[in-house]
Amino acid sequence: MARIFIGFMICFLFLNCEKKKEKTDVKSKPYIISYEDRKLKNYYDSLQKNNPKTPPPPKGFYSENQLIIDKKREFYYYKKDFMRDGCGTTPKSDTVPHLINLKPNDLVKISQADLANFLSDDFTTKKEYKGILIIASQNDTIKNELLFNFLNKKNISFFIRKTTQEEDTVLKYKKRNETYKSENIKWDQDRITLPFIKPKLDKTTK
């Protein structure tokens, strides 16, 4: 698990370094998630083509801090204990996020005006390791120069991805102020890895 975690962190740091080398400045232009994901995949494919023993990039979806940008470009934030995606026993666990039991009350809505102060409290006032901010967007294109300016200025490491099915679902229930129970949701198991539940054995009586 330690090796997977280290590899996961290297992937994040490497991605940030590559963007600096290519002078790709996300603070000055829209960030297109699908384009950036394809670019990273093509890069690793080229490495593996030249050296088949090159390991694939480690997969991961969550960190300690997640910032959700919804379809209306509003912000929601939640914190979770760090989970090491990819520690599962099947290849699927490396590419599909796990159910993390997210609840509507975990999501805190943040206004654009308060976002910088909110992130400063969590990242720039810590003396220890700051961690990585996961930015999860419901839109493929992110247009927010103020956000990227702030993250680059404060040297906050971040990774951008699309929202997971669980995040989309929990956010919908929060906005509607409806009772949410994950066991009542019809999850798409191609998009989410559900926890294994040991089947109950029928007790027979003599």
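Put simply, the residue from L171, I100, I134 that forms a side chain to side chain contact (heavy atoms under 4.5 Å, CB included) with Y78 is I100. Each of K109, K175, Q138, K172 was compared with D70 under the side-chain hydrogen bond (donor to acceptor under 3.5 Å, both in side chains) criterion, and only K175 meets it.
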Which is it for I192 and T164 under the side chain to side chain contact (heavy atoms under 4.5 Å, CB included) test, yes or no, and what are the steps along the way?
CA-CA 8 Å; I192 193 165; T164 64; over 6 Å; no

Go through the steps for E167 and L102 under the test side chain to side chain contact (heavy atoms under 4.5 Å, CB included), then give the verdict. CA-CA 7 Å; E167 288 169 339; L102 187 65; 4.1 Å; yes

Q: Please step through side chain to side chain contact (heavy atoms under 4.5 Å, CB included) for the pair E36 and I33, ending with a clear verdict.
A: CA-CA 5 Å; E36 296 293 338; I33 299 174; 6.0 Å; no

> Are Y43 and K39 close enough, and set up right, to give a side chain to side chain contact (heavy atoms under 4.5 Å, CB included), and what steps lead you there?
Replying inline: CA-CA 6 Å; Y43 176 79; K39 187 169 66 173; over 6 Å; no

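Here N139 contributes atom CG and Y31 contributes atom OH; the two are 14.5 Å apart, rounded to the nearest 0.5 Å. Separating the CG atom in L151 from the CG atom in N149 is a distance of 9.0 Å, to the nearest 0.5 Å. The CG atom of N50 lies 7.0 Å from the CG atom of L47; values are rounded to the nearest 0.5 Å.
For the pair R73/N144, no side-chain contact is recorded, criterion being any heavy-atom separation below 4.5 Å from C-beta on. L119 is listed as a side-chain neighbour of L147, based on a closest heavy-atom distance under 4.5 Å. Taking 4.5 Å as the limit, some side-chain heavy atom of D106 sits within range of a side-chain heavy atom of K80. Y76 has its side chain out of reach of I110: every pair of non-hydrogen atoms, C-beta onward, lies at least 4.5 Å apart. Residues L115 and L146 form no side-chain contact, since every pair of their non-hydrogen atoms from C-beta on lies 4.5 Å or further apart. Taking 4.5 Å as the limit, every side-chain heavy atom of I32 sits out of range of all side-chain heavy atoms of I142. Between K154 and F150, some side-chain heavy-atom pair lies under the 4.5 Å cut-off. The closest side-chain heavy-atom distance from F159 to L133 is not below 4.5 Å.
Under the 3.5 Å distance criterion, the side-chain polar atoms of D188 are matched with a main-chain donor or acceptor of D190. In terms of modelled atom types and a separation under 3.5 Å, the side chain of E64 and the main chain of K79 share no donor-acceptor contact. In this structure, the side chain of W187 does not engage the main chain of L99 through any donor-acceptor pair within 3.5 Å. When atom types are taken as modelled, the side chain of K174 and the backbone of L107 share a donor-acceptor pair closer than 3.5 angstrom. Looking only at distances, a side-chain donor or acceptor of N42 sits under 3.5 Å from a matching main-chain atom of R38. Looking only at distances, no side-chain donor or acceptor of Q66 sits under 3.5 Å from a matching main-chain atom of Y77. Looking only at distances, no side-chain donor or acceptor of S137 sits under 3.5 Å from a matching main-chain atom of D140. For the pair T163 (side chain) and A136 (backbone), a donor-acceptor distance under 3.5 Å is absent.
More than 12 non-hydrogen atoms from other residues, nucleotides or ligands lie less than 6.0 angstrom from CG of N184.
Taking the ring axis of Y62 as reference, the NZ or CZ atom of R161 stays within 45° of it and closer than 6.0 Å to the ring centre.
Follow the hydrophobic side-chain contacts under 4.5 Å out from Y35 and you never reach I135; the two are in separate clusters.
Checked by atom type, the side-chain pair D114/S111 shows a donor-acceptor distance below 3.5 Å.
For D45, the side-chain hydrogen bond (donor to acceptor under 3.5 Å, both in side chains) partners at least two apart in sequence or on another chain are K41. The ring pair (Phe, Tyr, Trp, His ring centres under 6.0 Å) test applied to F75 returns no partner, not counting sequence neighbours.
Aromatic ring pairs are classed by plane angle as parallel below 30°, tilted from 30° to 60° and perpendicular above 60°; the pair F148 and F158 is tilted.
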